[in-house]
Amino acid sequence: WGIGVNADGDLGFHNSFEATASIVMADSGNVGIGTDDPDDNRLSVIQAASDTSGKAAIKATGTAYGTNKALWAYINSGHADRVLFDAENSAGTVMRIRADGNVGIGTASPAVDLDIEDTTTSSASQGGNLRLGSNDGAVMASGHRLGVLEFAGAEDASNTMTVGARIEALADATWSASENGADMVFYTTDGDAAQNEHMRIDAEGLIHFGDFDAAASHGYISKERASEYKFNIFTSSSSTTSRAMTFNIRSNVEAMRID
């Protein structure tokens, strides 16, 4: 090994077999490994394009809490499953980001954009888990949203993304140690980015449907068991509005009515 300073004032550590410094500390304080020009980055680690060994570009390993704890990244251009980021514990990979953008949690081979796998013994309480939560340090109030899942697509060639549908979970009361009721709300869009609620499963299990702008315009379905099984369909949530049920055929012609 040799140590030298170039004309730019950069300090270099040279392997005796390489003309280019293996490690460079620029006069700016930036450090380069595998490059003599660390640019504007505090630490630049560069692998040669010819290196397809799959060796880690950056790897940090510790054993304070067991063996094989690691956080590392490598790029292998000669392998279809090249990895940009990997996090491991003694059981293996716990999170991986592949070069194709797929992210795996609990799997080293994510098959889709986000692949979550539970590798514990399967049971009624196991399986991949995705949690959406809300926690600002205060109690959830009635109508506050716990989480939302949105479905969007490009509406033009400029990559303008617009939400076409979404599913929300809303608290139906102020939460406490004995109250955690929530509704599941479904929105769809018919027009220019105007999402409207068209179905709701409330905290009691009732399924509401229709136009939610007015109680008279939406109905609900309930199933109950008291002295006997009952399946109820209400065509309006208003007690003062006609709750007639009609059955229509082609061309929207009424064929049967239950008043």
Chemist: If you compare all heavy atoms of A154 against all heavy atoms of M161, which two are closest, and at what distance to 0.1 Å?
Modeler: N-SD, 3.7 Å

Chemist: Which heavy atom of V148 sits nearest to which heavy atom of E150, and what is that distance?
Modeler: CG2-CG, 3.9 Å

Chemist: What distance do D172 atom CG and R200 atom CZ have between them, rounded to the nearest 0.5 Å?
Modeler: 9.0 Å

Chemist: Can you confirm whether D113 is buried at CG, in the sense that more than 12 heavy atoms of other residues, nucleotides or ligands lie under 6.0 Å from that atom?
Modeler: no

Chemist: Are L170 and L206 connected into the same hydrophobic cluster when the rule is that any two of I, L, V, M, F, W, Y join if their side-chain heavy atoms are below 4.5 Å apart?
Modeler: no

Chemist: If you round to the nearest 0.5 Å, how far is CG of L132 from CD of E168?
Modeler: 11.5 Å

Chemist: Heavy atoms only: give me the nearest A171-A141 pair and the separation to one decimal.
Modeler: CB-O, 3.5 Å

Chemist: Among L114, D115, V94, find the one that has a side chain to side chain contact (heavy atoms under 4.5 Å, CB included) with I105.
Modeler: L114

Chemist: Looking at D183 and V185, would you say the former's side chain and the latter's main chain have a donor-acceptor pair under 3.5 Å?
Modeler: no

Chemist: Checking V103 against F85 for the side-chain contact (heavy atoms from CB on, under 4.5 Å) test, could you report, in this order, the C-alpha distance in whole Å, the side-chain angles of both residues, the deciding distance, and whether it holds?
Modeler: CA-CA 9 Å; V103 177; F85 172 86; over 6 Å; no

Chemist: Just verifying a value: how many Å separate M184 CE and I207 CD1, rounded to the nearest 0.5 Å?
Modeler: 12.0 Å

Chemist: In terms of hydrophobic clusters joined by side-chain contacts under 4.5 Å, are F151 and F186 together?
Modeler: yes

Chemist: Taking atom NE2 of H198 and atom OH of Y187, what is their separation to the nearest 0.5 Å?
Modeler: 10.5 Å

Chemist: What are the two closest non-hydrogen atoms of Q126 and S122, and how far apart are they?
Modeler: CB-CA, 4.4 Å

Chemist: With R96 as reference, evaluate D86, T107, N102 under the side-chain hydrogen bond (donor to acceptor under 3.5 Å, both in side chains) test and give the passing residue.
Modeler: D86

Chemist: If only atom types and distance count, is the side chain of D190 paired as donor or acceptor with the main-chain N or O of T188 below 3.5 Å?
Modeler: no

Chemist: What closest approach, in Å, do D118 and G127 show between heavy atoms, and which atom pair accounts for it?
Modeler: OD2-N, 3.0 Å

Chemist: Spell out, yes or no, whether L130 and V112 are grouped together once hydrophobic residues are joined by side-chain heavy atoms under 4.5 Å, including indirect joins.
Modeler: no

Chemist: Got a donor-acceptor contact below 3.5 angstrom from the S158 side chain to the T160 backbone?
Modeler: no

Chemist: Which Ile, Leu, Val, Met, Phe, Trp or Tyr residues join M140 in one cluster when any pair of side-chain heavy atoms under 4.5 Å counts as a link?
Modeler: V139, L146, W175

